4 protein chains.
Amino acid sequence: MEQRRAIRIPKFRRRAEARPDEVLDAALDLFIEKGFAATRVEDIARRAGLSKGAVYLYFPSKEAILEGLVRRAIVPIATQALSSAENYEGDPRLVITMVLKMLAAKLNDPRLLAIPKLIVREVPGFPELAAMYRREVLDKVMPVIEKLIRNGIDQGYLRPVDPHLTIRSIVGPVMLHVAMAEIFGITPPDGFAIDRLIDNHLTILFDGLSAPDGAKRWTSS
Amino acid sequence: MEQRRAIRIPKFRRRAEARPDEVLDAALDLFIEKGFAATRVEDIARRAGLSKGAVYLYFPSKEAILEGLVRRAIVPIATQALSSAENYEGDPRLVITMVLKMLAAKLNDPRLLAIPKLIVREVPGFPELAAMYRREVLDKVMPVIEKLIRNGIDQGYLRPVDPHLTIRSIVGPVMLHVAMAEIFGITPPDGFAIDRLIDNHLTILFDGLSAPDGAKRWTSS
Amino acid sequence: MEQRRAIRIPKFRRRAEARPDEVLDAALDLFIEKGFAATRVEDIARRAGLSKGAVYLYFPSKEAILEGLVRRAIVPIATQALSSAENYEGDPRLVITMVLKMLAAKLNDPRLLAIPKLIVREVPGFPELAAMYRREVLDKVMPVIEKLIRNGIDQGYLRPVDPHLTIRSIVGPVMLHVAMAEIFGITPPDGFAIDRLIDNHLTILFDGLSAPDGAKRWTSS
Amino acid sequence: MEQRRAIRIPKFRRRAEARPDEVLDAALDLFIEKGFAATRVEDIARRAGLSKGAVYLYFPSKEAILEGLVRRAIVPIATQALSSAENYEGDPRLVITMVLKMLAAKLNDPRLLAIPKLIVREVPGFPELAAMYRREVLDKVMPVIEKLIRNGIDQGYLRPVDPHLTIRSIVGPVMLHVAMAEIFGITPPDGFAIDRLIDNHLTILFDGLSAPDGAKRWTSS
DNA sequence: AATGAATGAGAATTCATTCAT
DNA sequence: TATGAATGAATTCTCATTCAT
């Protein structure tokens with residue numbers, strides 16, 4: 001009930017406006033580094049240059065910070081990819097190439113990669129986060145790609161494949177490349193090499209792994 | 001709030017030998033369901049049919065349970081896949097097809113899928129787990145596939161691609177298919193459909209997405 | 001979260017003098033409603049139409065507000081009851097009746113009842129409040145009533161009873177009536193009915209509960 | 001995540017059975033002494049000879065301790081008073097005298113007095129406690145007294161008064177006596193003197209304050 | 001005079017781990 | 001072996017109080 005303090009260094013009082021974002025930035029770093037559960041609110045505060053109590057001026061709970069993090073990340077992503085590819089009429093391989101390169105660029109930015117990583121880790125505890133991300137991001141982006149494939153098939157650019165499943169064949173290799181690097185530190189001998197990965201992958205994706213003249217037509221059975 | 005038990009009939013007193021495994025089984029369920037941090041040792045004990053204290057007879061700490069879990073999972077996996085594909089000399093597409101189908105089978109078994117899921121979630125907190133898994137599993141399996149591809153190229157079955165990076169193109173789509181289902185509940189309209197996914201993927205993988213007669217040869221960028 | 005104000009029209013800028021009283025009013029409401037400990041200074045401020053910081057311009061601490069509350073309530077009370085009854089020489093039953101009715105009137109006013117309620121609740125934490133209230137109120141009022149009774153006895157109006165203890169017999173029933181209503185919500189079927197309570201009580205107080213001709217004289221024990 | 005301990009003194013491990021009551025005893029002392037809000041769970045634990053954590057083995061929250069306290073106190077009280085007075089047919093003044101002396105005895109026992117004191121203090125925060133006490137104690141005891149009075153009137157022992165309101169005239173003075181002593185430390189010069197209070201009160205209660213031959217019949221305005 | 005952002009001590013609650021039985 | 005009572009460090013969240021503006 002009493003409160004004694006030594007010489008106080010008043011630190012630096014900043015505008016309240018910027019604070020929530022600073023808290024989110026700090027939290028993102030720490031959640032990625034140690035996970036949600038292992039991160040103390042005080043750590044977040046300290047990294048954001050605030051006191052523990054101040055964090056609670058901006059977020060009512062630790063969980064709200066996590067939610068705020070995902071919410072903040074969602075807004076800009078959702079609006080982008082759509083515009084470019086939506087109703088492209090020409091060779092879809094061009095757009096697919098662009099999409100993959102754009103994806104690679106995003107995954108190369110640690111701050112952007114952090115959000116999906118976070119969601120992947122924390123789904124079991126906060127399924128609503130995954131639902132939100134799915135709703136706001138995946139459910140908007142995936143249909144665009146699917147339509148792109150469908151159009152490509154209809155216009156004779158692509159072979160008749162299942163458009164929905166083919167999304168995995170297009171994007172999966174890039175994702176796995178990133179995941180292996182992130183989770184197990186497995187990279188090609190020359191580093192992350194995402195560009196080489198994409199080149200190699202596009203080659204296979206569009207023309208297949210089989211040698212051109214090679215043996216008889218391949219049939220999985 | 002009290003719990004007295006009448007004369008206890010020891011039933012089929014299980015061999016003490018089986019206990020550690022029962023603990024691991026219980027722990028695996030719970031770690032997957034709620035994550036390592038959110039799982040209480042008492043929960044594990046209860047699910048394994050033991051008292052909290054008894055768990056500590058078999059594992060010195062909660063962390064040791066996690067480690068034991070990964071260690072147990074590693075042994076059988078590592079020895080399998082190797083034997084079959086190691087020095088196969090014929091069409092590698094056949095082996096690749098087999099490998100993917102075997103992989104799909106494993107990923108379809110929740111108890112087997114659980115371990116990688118667990119590792120993915122808990123890496124930041126326990127990097128040594130990821131290291132162990134990489135050392136014991138990935139570092140043994142991946143070179144085999146890489147060699148398979150290299151041989152396929154050398155023998156004219158496959159086009160000249162980067163064998164290391166091509167692993168992603170082979171396995172990535174399957175992984176992404178599973179991940180999307182697990183994390184976001186995203187599946188094709190007809191369910192998990194891993195078999196259709198593999199068929200669709202193999203078609204693309206070996207023969208490419210491009211329509212056969214279609215436009216001129218495709219070149220990325 | 002920001003608050004910019006255009007040209008501020010100061011309206012009826014309240015006299016700063018009134019502020020402490022507004023704070024006390026707000027505090028009284030809240031202390032009664034939720035207790036001292038459960039009331040936040042910010043709540044008081046908000047209800048008083050001030051900012052948290054401004055409260056501290058008028059009171060050095062939360063505790064000081066409580067003290068100020070009691071102090072403010074004490075002044076007017078102490079001076080009143082005394083004058084009327086002090087040296088009354090006639091039938092004391094008349095004065096007692098008046099006193100009880102005045103008491104009932106005060107207890108009927110929530111703002112006046114609030115102070116004793118507050119003191120009752122917070123004694124253990126702030127014994128000095130009780131001491132102050134006793135010194136300033138009870139120690140002034142009780143002797144007056146005691147003297148009234150003593151005079152009544154001396155002058156043959158009342159039977160010989162212990163004047164000090166008899167205060168309880170006079171006032172206790174009214175207090176209990178109020179307490180039961182306040183604490184447990186126990187009232188007669190027709191509501192608070194303080195007037196009927198007082199009538200019923202005065203009847204018993206002056207003439208006794210025993211039927212007039214009834215059995216032999218009653219003797220306790 | 002690590003836990004180091006110095007030389008440990010294993011203290012005294014007692015039977016778990018007695019513990020909840022020990023916790024309640026400790027809590028009662030402290031709640032009375034400092035109030036619910038100002039009492040720390042650790043204080044309770046220490047006084048009960050346990051560690052903080054152990055308290056939570058028996059009560060899920062601090063609030064549950066308070067509730068347990070009231071619940072424990074209620075059981076024995078409720079069953080007693082009823083039996084004796086229920087259908088008494090003779091002079092009710094005898095029973096009333098007994099009831100008041102029994103009440104006085106209870107109020108003289110600090111452990112028994114503590115519960116109502118606690119309830120009075122904590123009502124605003126925990127209205128359900130008051131409701132429980134009312135339901136289990138007051139609603140059972142008061143009708144008995146009311147019936148006693150009614151019977152007394154019907155049988156000519158008592159004058160026609162309002163039975164419900166008269167309960168206040170009977171019990172109020174004793175309550176006020178106790179309250180004044182407890183809250184303000186106001187007692188007669190010779191100490192608590194509850195017996196003298198009761199004697200004095202019974203005299204007035206049954207025969208009235210008015211001098212027997214005294215002036216004309218008294219009528220409250 | 002007034003604001004409200006910021007601080008930090010403090011309290012409730014949880015849970016891995018220990019240990020007497 | 002097995003139990004579960006007990007411990008106490010750790011963590012989230014609250015709120016009285018301060019102070020730059």
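Please read all numbers here as calculations on a predicted model, not as lab measurements. In what follows, chains carry the letters A, B, and so on, assigned in the order in which the sequence lines appear, proteins first and then strands, with residues in each chain numbered from 1. FYI, side chains are in, hydrogens and waters are out, and symmetry mates aren't considered; it's all heavy atoms of this structure.
- B/E42 has its CD atom 12 Å from the C1' atom of E/dT17, to the nearest Å.
- With a 4.5 Å cut-off on side-chain heavy atoms, A/L50 and A/Y58 count as touching.
- With rounding to whole Å, B/K62 atom NZ is found 8 Å from E/dC15 atom C1'.
- Residues C/F31 and C/I44 form a side-chain contact, since some pair of their non-hydrogen atoms from C-beta on lies under 4.5 Å apart.
- Within the structure, a side-chain polar atom (N or O) of A/R19 is placed less than 4.0 Å from OP1 or OP2 of E/dA6.
- For the pair C/R46 CZ and E/dA2 C1', the interatomic distance rounds to 15 Å; values are reported in whole Å.
- Across E/dT7, F/dT17, F/dG8, the shortest atom-to-atom separation from the side chain of D/S51 is found for F/dG8.
- Nearest-nucleotide positions on DNA chain E place D/F36 closer to the 5' end than the other of B/T39 and D/F36.
- With the nearest nucleotide of DNA chain F identified for both A/V41 and D/L50, D/L50 has the one nearer the 5' end.
- Using a 4.0 Å cut-off, no side-chain N or O of D/Y58 falls inside it from OP1 or OP2 of F/dA5.
- Whole-Å rounding puts the A/F59 CZ to E/dA5 P distance at 14 Å.
- Side-chain proximity of C/Y56 to F/dT3, F/dA16, E/dC15: nearest is F/dA16.
- No hydrogens or angles were tested; on distance alone, a donor-acceptor pair under 3.5 Å links the side chain of C/K52 to the base of F/dT17.
- Separating the CG atom of D/L57 from the P atom of F/dT3 is a distance of 17 Å, rounded to the nearest angstrom.
- For the atom pair A/L118 CG and A/R121 CZ, the distance stands at 8.0 Å (nearest 0.5 Å).
- Spacing between atom CD1 of C/I65 and atom C1' of F/dT17 amounts to 12 Å, rounded to whole angstrom units.
- For the pair B/R40 CZ and E/dT14 P, the computed distance is 9 Å after rounding to whole Å.
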Criterion salt bridge (Lys or Arg N to Asp or Glu O under 4.0 Å) on D/D29 and D/K34, from CA distance to verdict: CA-CA 9 Å; D/D29 288 350; D/K34 329 197 294 183; over 6 Å; no

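- Looking at A/K62, its side chain does come within 3.5 Å of a backbone N or O of A/F36 through a donor-acceptor pair.
- With a 3.5 Å limit on both pairing distances and Watson-Crick or G-U wobble geometry required, the stems of 3 or more pairs in DNA chain E span E:2-21 with F:2-21.
- If you take CD1 of A/I44 and P of F/dC13, they are 10 Å apart, rounded to a whole angstrom.
- For B/A54, whose side chain is taken as the heavy atoms from C-beta onward, the closest listed nucleotide among E/dT7, F/dT11, F/dA2 is F/dA2.
- Counting all heavy atoms, side chain and backbone alike, D/P60 lies closest to D/A64 at CD-CB, 3.6 Å.
- The nearest heavy atom of DNA chain F to A/A37 and to C/P60 marks one nucleotide each, and the one closer to the 5' end goes with A/A37.
- Taking CZ of C/R111 as the reference point, atom CG of C/L28 lies at 4.5 Å (rounded to 0.5 Å).
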